[in-house]
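To start, the structure itself, in structure tokens.
Every number for a ligand or one of its atoms is a count from 1 in the order of the listing.
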Amino acid sequence: MNSIIVAVDGPVASGKGTLGRRLAERFGFAYLDTGGLYRAVALRMLRGKHALDDVGILVAQAKALEPSDLADPALRDEKTGEAASIVAPVPELRAALLEYQREFASAPPYDAPGAVLDGRDIGTVVCPNASVKLFVTASAEARAQRRFAELTAKGEDVELATVLEDLAKRDARDSGRASSPLVPAQDAHLLDTTKMDIEAAFQAAEAIVAASMKSS
Ligand code: DC
């Protein structure tokens, strides 16, 4: 039986990670946060003090990734996210990470009947034949507010204006790059969460996935 693939794409702090994780739980699917792969490579580059534009080392680090890399708490640090957005446009790195993502989607771990992958290019490049595609958005201001709340809850001393500025920079990098830019797939369901709390957003996403599963 073919695995049911749910692609969840969207910009930084749109809520796609939380939605992806909850959808996976709800439907008993495996979950892959593909941003974590880019973050893990970036973290290895930072720790090894390698230049972020050294393509050979980037590819080597991608090939050397291990499960423990994906569990490192430093993945969530702002500076790791910033470095990830700098390395993510490199086509050779994207190619090196592609096979793992496709394999996860088509043969999910623990024999799960399906997989939820969240990222930027899941519906367009990684799994263009996904069973259902969600493109999660929210206004830049709403996303900055959420990120600001998250960071201050962690005890970080940040200004809302700086968070908004960083977010705009990251959006521009993710959307403006030549290689797999962040764009909704033509057949993606758009979910604008600007005015929704996470519960409302989850219910909307769940309804879309359930309806697609019924009709397929
Ligand atoms: O979703 P995130 O913030 O963890 O992603 C970190 C960076 O990785 C972000 O700048 C975009 C990039 N990324 C990507 O290019 N393609 C993906 N499928 C997932 C993330």
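- Contact residues for ligand 1 (protein heavy atom closer than 4.0 angstrom to any ligand atom): K16, T34, G35, Y38, R39, R76, A84, S85, A88, R94, G119, R120, D121, D174, R177.
- Here the CD-CG distance, from Q203 to L19, works out to 11.5 Å after rounding to the nearest 0.5 Å.
- Look at E78 and R170 and you find a salt bridge, because one of the NZ, NE, NH1 or NH2 atoms lies within 4.0 Å of a carboxylate O, short of that distance.
- Separating the CG atom in L75 from the CG atom in L37 is a distance of 9.5 Å, to the nearest 0.5 Å.
- Note on I5 and L134: separate hydrophobic clusters, where clusters join Ile, Leu, Val, Met, Phe, Trp and Tyr whose side-chain heavy atoms are under 4.5 Å apart, directly or indirectly.
- Remark: E25 does not engage R22 in a salt bridge, criterion side-chain N to carboxylate O under 4.0 Å.
- Side chains of T193 and R146: a donor on one and an acceptor on the other come within 3.5 Å.
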